[in-house]
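Read the structure below first, then the notes.
One-based numbering, in listed order, for ligands and for the atoms of each. Numbers for residues simply follow the sequence, beginning at 1.
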Amino acid sequence: MKTKVAIIGAGPSGLLLGQLLHKAGIDNVIIERQSPDYILSRIRAGVLEQGMVDLLREVGVNERMDREGIVHGGFELAFSGRRERVDLEELTGGKSVMIYGQTEVTKDLMDARQDSGQLSFYGVPDATLHDLKSDKPTVTFTHNGEQVLLECDYIAGCDGYHGVTRKSIPDDAIKSFERVYPFGWLGVLADTPPVSEELIYAKHERGFALCSMRSPTRTRYYVQVSLDEKVEDWSDERFWEELKYRLPVDTANKLVTGPSIEKSIAPLRSFVVEPMQYGRLFLVGDAAHIVPPTGAKGLNLAASDVSTLSRILDKVYHEGRTDLLARYSEVCLRRIWKAERFSWWMTSVLHRFPESDEFSQRIQDTELDYFVGSRAGRTTIAENYVGLPYESIE
Ligand code: APR
Ligand code: PHB
C-alpha cells in the first residue's frame with residue numbers, strides 16, 4: 001500500500017492534519033492504536049484559540065462548533081480575596097477564545113474524515129517505522145490479523161506523549177527538556193449550569209481551583225491535589241466541598257452541584273523535544289511537547305504545529321519547495337517555547353507548591369497583584385491566553 005503522508009495517531013493533531021492535507025489534494029493514511037469509541041471517551045480541555053477556530057473553518061469542520069461553541073471575551077483570576085477580570089477583547093484589539101470541548105472537535109473531525117474517503121486504520125497495536133533517513137520511509141503494522149506494509153513520502157508523528165514515533169528517533173539525535181510539577185488536577189465533569197459566565201482561575205492557600213464549562217448545561221471543574229491522591233478517595237461530596245472552599249465566597253454560594261459524569265486525576269508536566277524532526281519523520285502536538293493545562297494551550301499548540309506542517313507540505317507538493325522541510329522544527333519551536341513559558345508561569349503563580357515558604361508565597365501574590373494591576377501586565381496575560389500569532393514558514 002502507498003500514500004504520500006502516513007499519519008500515526010487519530011487525536012486532534014492527526015485528524016486535523018489529515019483534513020488539511022486532504023483539502024490540499026495530498027493523500028494520507030491514518031494509523032491509530034485505539035478504537036474511535038475509546039478516543040471519544042477521553043475528556044480533555046475545551047478552550048480554542050482563534051488560530052484553531054480558523055483552521056477548523058478552513059477545513060469546513062465548523063458547523064457544530066459555530067452553533068454550539070461559546071465565545072468568551074474574558075476570564076477571571078481570583079486571588080487574595082479579589083476577583084480580577086482579564087478583558088481579552090479589550091486588551092487584544094477584539095480577540096477572544098471559543099469554548100468547545102476537545103472531544104467534540106475530535107468527533108467532528110472524525111466525521112469529516114469518514115466523508116473525505118481517506119483511509120484510516122483503527123485498533124492497530126504495533127505500528128513500526130522504518131528507514132526514516134531514506135527517501136522511502138515505510139510503516140508496518142497488523143490490522144485485523146493481516147500484516148500491512150505502507151510506503152510513503154513522509155511520516156507525521158501525531159501519536160501523543162506515549163506514542164511510538166518519538167521513541168523511533170535515536171536517543172542521541174534529540175534532546176528533551178522537562179519539568180514535572182509536584183501536584184495534579186482532579187477534574188469533574190457534571191451536568192450543572194456554570195457558576196459564572198466566564199472561566200475562573202482561583203488561587204487559594206489550599207491550592208488552585210478552576211471553574212470551566214462545556215456548554216450552558218455542562219461544567220468542568222478542577223482542584224489541585226497532591227500526587228499521592230487517589231480518585232476513589234474523592235466522593236462527589238468531598239470534591240464539591242473542596243471546590244467551594246477554594247472559590248471566592250460569592251461564587252461558592254452560587255455553585256450548583258450534581259452527580260459527576262467523569263472524574264479523573266491528571267499530573268502536570270512541561271516537556272519539549274528538540275528537534276521535532278528526524279529524516280522524514282515530523283513530530284506534531286503532544287508527541288513533541290506537553291504543557292500543564294493552566295492556560296489551556298495543549299490542543300492549541302498541536303493546532304499550530306499542524307498548520308506549520310500542512311503549509312510546508314502544501315509547498316513541497318505544489319511548488320517543489322523541499323527546502324522548507326528542514327525549517328519545520330525551528331518554526332514550530334519558537335511558538336512552542338512561548339506557550340511553554342506562559343503555561344509554566346500560570347502554573348507557577350496560581351498553585352500551592354509543597355516546598356513553598358512564606359517568602360515565596362508573598363512573591364506569588366505580589367506577582368499576580370503586579371500583573372493585574374498594570375495594563376501592560378494584563379495585556380501580556382491576554383495576548384498569550386488568546387494565542388500568539390502563527391509563525392511564518394518562510
Ligand atoms: N500507534 C498509533 N496510534 C497511537 C500510538 C501508536 N503507537 N500511540 C498513541 N497513539 C494514538 C493515541 O491513541 C491517540 O489517539 O495517538 C493519539 C494521540 O492523541 P493525543 O494524545 O490527543 O495527542 P494530539 O493529537 O497531539 O492532541 C493534542 O493537546 O491538550 C492536549 O493532551 C491534549 O490530546 C491533546 C493534545
Ligand atoms: C477545561 O475546560 O477543561 C479547561 C479549561 C481551561 C484550562 C484547562 C482546562 O486552562
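Salt-bridge formation is detected for the pair Glu84/Arg82: a Lys NZ or Arg NE/NH1/NH2 atom is positioned less than 4.0 Å from an Asp or Glu carboxylate oxygen.
A side-chain N or O of Arg311 and one of Ser307 form a donor-acceptor pair less than 3.5 Å apart. A donor-acceptor pair shorter than 3.5 Å cannot be found between the side chains of Gln224 and His351. Side-chain atoms of Asp369 and Thr366 include no donor-acceptor pair closer than 3.5 Å. A donor atom on one side chain and an acceptor atom on the other are found under 3.5 Å apart for Asp54 and Gln50. Donor-acceptor pairing under 3.5 Å is recorded for the side chains of Asn28 and Arg113. When only modelled atom types and interatomic distance are considered, Asp228 and Ser226 share a side-chain donor-acceptor pair under 3.5 Å. Under the 3.5 Å distance criterion, with hydrogens and angles disregarded, a donor-acceptor pair is assigned to the side chains of Thr251 and Arg83.
For ligand 1, the atoms closer than 4.0 angstrom to any heavy atom of Gly160 are 18 (C), 21 (O), 23 (O). Of all atoms in ligand 1, listed by their number and element, those nearer than 4.0 Å to a heavy atom of Gly11 are 15 (O), 17 (C), 19 (O), 25 (O). Heavy-atom proximity to Ala302, at under 4.0 Å, picks out these atoms of ligand 1: 28 (C). If you number the atoms of ligand 1 from 1 as listed, the ones under 4.0 Å from a heavy atom of Gln34 come out as 13 (O). Atoms of ligand 2 lying under 4.0 Å from any heavy atom of Val47, numbered from 1 in the order shown and given with element: 5 (C), 6 (C). Every atom of ligand 1 with a heavy atom of Gly285 under 4.0 Å away is listed here by number and element: 26 (O). Which parts of ligand 2 touch Gly295 is read off a 4.0 Å heavy-atom cut-off, strictly below it: atoms 10 (O). Heavy-atom contacts of Gly298 reach the following atoms of ligand 1: 29 (O), 30 (O), 31 (C) (cutoff under 4.0 Å). Within the listing of ligand 2, atoms 1 (C), 2 (O), 3 (O) sit less than 4.0 angstrom from a heavy atom of Arg214. Heavy-atom contacts of Val164 reach the following atoms of ligand 1: 7 (N) (cutoff under 4.0 Å). Those atoms of ligand 2 with a heavy atom of Tyr201 less than 4.0 angstrom away are 6 (C), 7 (C), 10 (O). When each atom of ligand 1 is checked for a heavy atom of Ile31 under 4.0 Å away, the hits are 2 (C), 3 (N). Less than 4.0 angstrom separates some heavy atom of Ala296 from each of these atoms of ligand 2: 6 (C), 7 (C), 10 (O).
Residue contacts with ligand 1 for Ile8 involve side-chain atoms from C-beta outward but no N, CA, C or O (heavy atoms, distance under 4.0 Å). For Trp185, every heavy-atom contact with ligand 2 shorter than 4.0 Å involves the side chain, none the backbone. At a 4.0 Å heavy-atom cut-off, ligand 1 touches Arg33 through backbone and side chain alike. The side chain of Leu199, and not its backbone, has at least one atom closer than 4.0 Å to an atom of ligand 2 (non-hydrogen atoms only; side chain from C-beta on). By the criterion of a heavy-atom distance under 4.0 Å, the backbone of Cys158, and not its side chain, is placed next to ligand 1. Both the backbone and the side chain of Pro12 come within 4.0 Å of ligand 1, judged by heavy-atom distances.
Nearest protein heavy-atom neighbour of atom 3 (O) of ligand 2: Tyr222 OH, 2.5 Å. Of the protein's non-hydrogen atoms, Ser13 OG, 2.7 Å is the one closest to atom 26 (O) of ligand 1. Here the heavy atom of the protein found nearest to atom 13 (O) of ligand 1 is Glu32 OE2, 2.6 Å. Protein heavy atom in closest approach to atom 35 (C) of ligand 1: Gln102 NE2, 3.1 Å. Of the protein's non-hydrogen atoms, Leu299 N, 3.0 Å is the one closest to atom 30 (O) of ligand 1. The closest protein non-hydrogen atom to atom 9 (C) of ligand 1 is Asp159 O, 3.1 Å. Of all protein heavy atoms, the one closest to atom 36 (C) of ligand 1 is Asp286 OD1, 3.2 Å.
Glu68 places no side-chain N or O within donor-acceptor distance of the main-chain N or O of Tyr100, the cut-off being under 3.5 Å. Between the side chain of His204 and the backbone N or O of Ala209, no donor-acceptor pair lies under 3.5 Å. At distances below 3.5 Å, at least one donor-acceptor pair connects side-chain atoms of Trp240 with backbone N or O atoms of Gly258. Here the side chain of Arg327 pairs a donor or acceptor atom with the backbone of Ile393 at under 3.5 angstrom. Checking side-chain atoms of Gln277 against main-chain N and O of Ser329 turns up a donor-acceptor pair under 3.5 Å.
Between Arg220 atom CZ and Ile261 atom CD1 the span is 9.5 Å, to the nearest 0.5 Å. Remark: Glu205 CD to Arg246 CZ distance equals 10.5 Å, nearest 0.5 Å.
Polar contact check, Leu210 against ligand 2: no nitrogen or oxygen pair lies under 3.5 Å apart. Of the N or O atoms in Arg220, none lie within a sub-3.5 Å distance of an N or O in ligand 2. For ligand 1, the polar-atom distance check finds no N/O of Ala127 at less than 3.5 Å from any of the ligand's N/O atoms. At under 3.5 Å, not a single nitrogen or oxygen of Tyr385, backbone or side chain, sits near a nitrogen or oxygen of ligand 2. Inclusion of Thr294 in the set of residues having an N or O under 3.5 Å from an N or O of ligand 2 is not warranted.
A side chain to side chain donor-acceptor pair (under 3.5 Å) with Glu90 is found for exactly one of Arg378, Arg85, Arg375, namely Arg375. Of the listed residues (Thr3, Asp153, Val5), just one forms a side-chain contact (heavy atoms from CB on, under 4.5 Å) with Asp27, and that residue is Thr3. Across Leu301, Leu15, Leu20, a single residue satisfies side-chain contact (heavy atoms from CB on, under 4.5 Å) together with Val306, and that is Leu20.
Distances from ligand 2 to the non-hydrogen atoms of Lys297 include no value under 4.0 Å.
Both the sub-6.0 Å distance and the 45° axial angle are satisfied by Lys133 relative to the ring of Tyr278.
The heavy atom nearest to atom 4 (C) of ligand 2, out of those in Pro293, Pro292, Ser212, Ala266, is found in Ser212. Counting only non-hydrogen atoms, the option in Arg44, His162, Arg42 that gets closest to atom 21 (O) of ligand 1 is Arg44.
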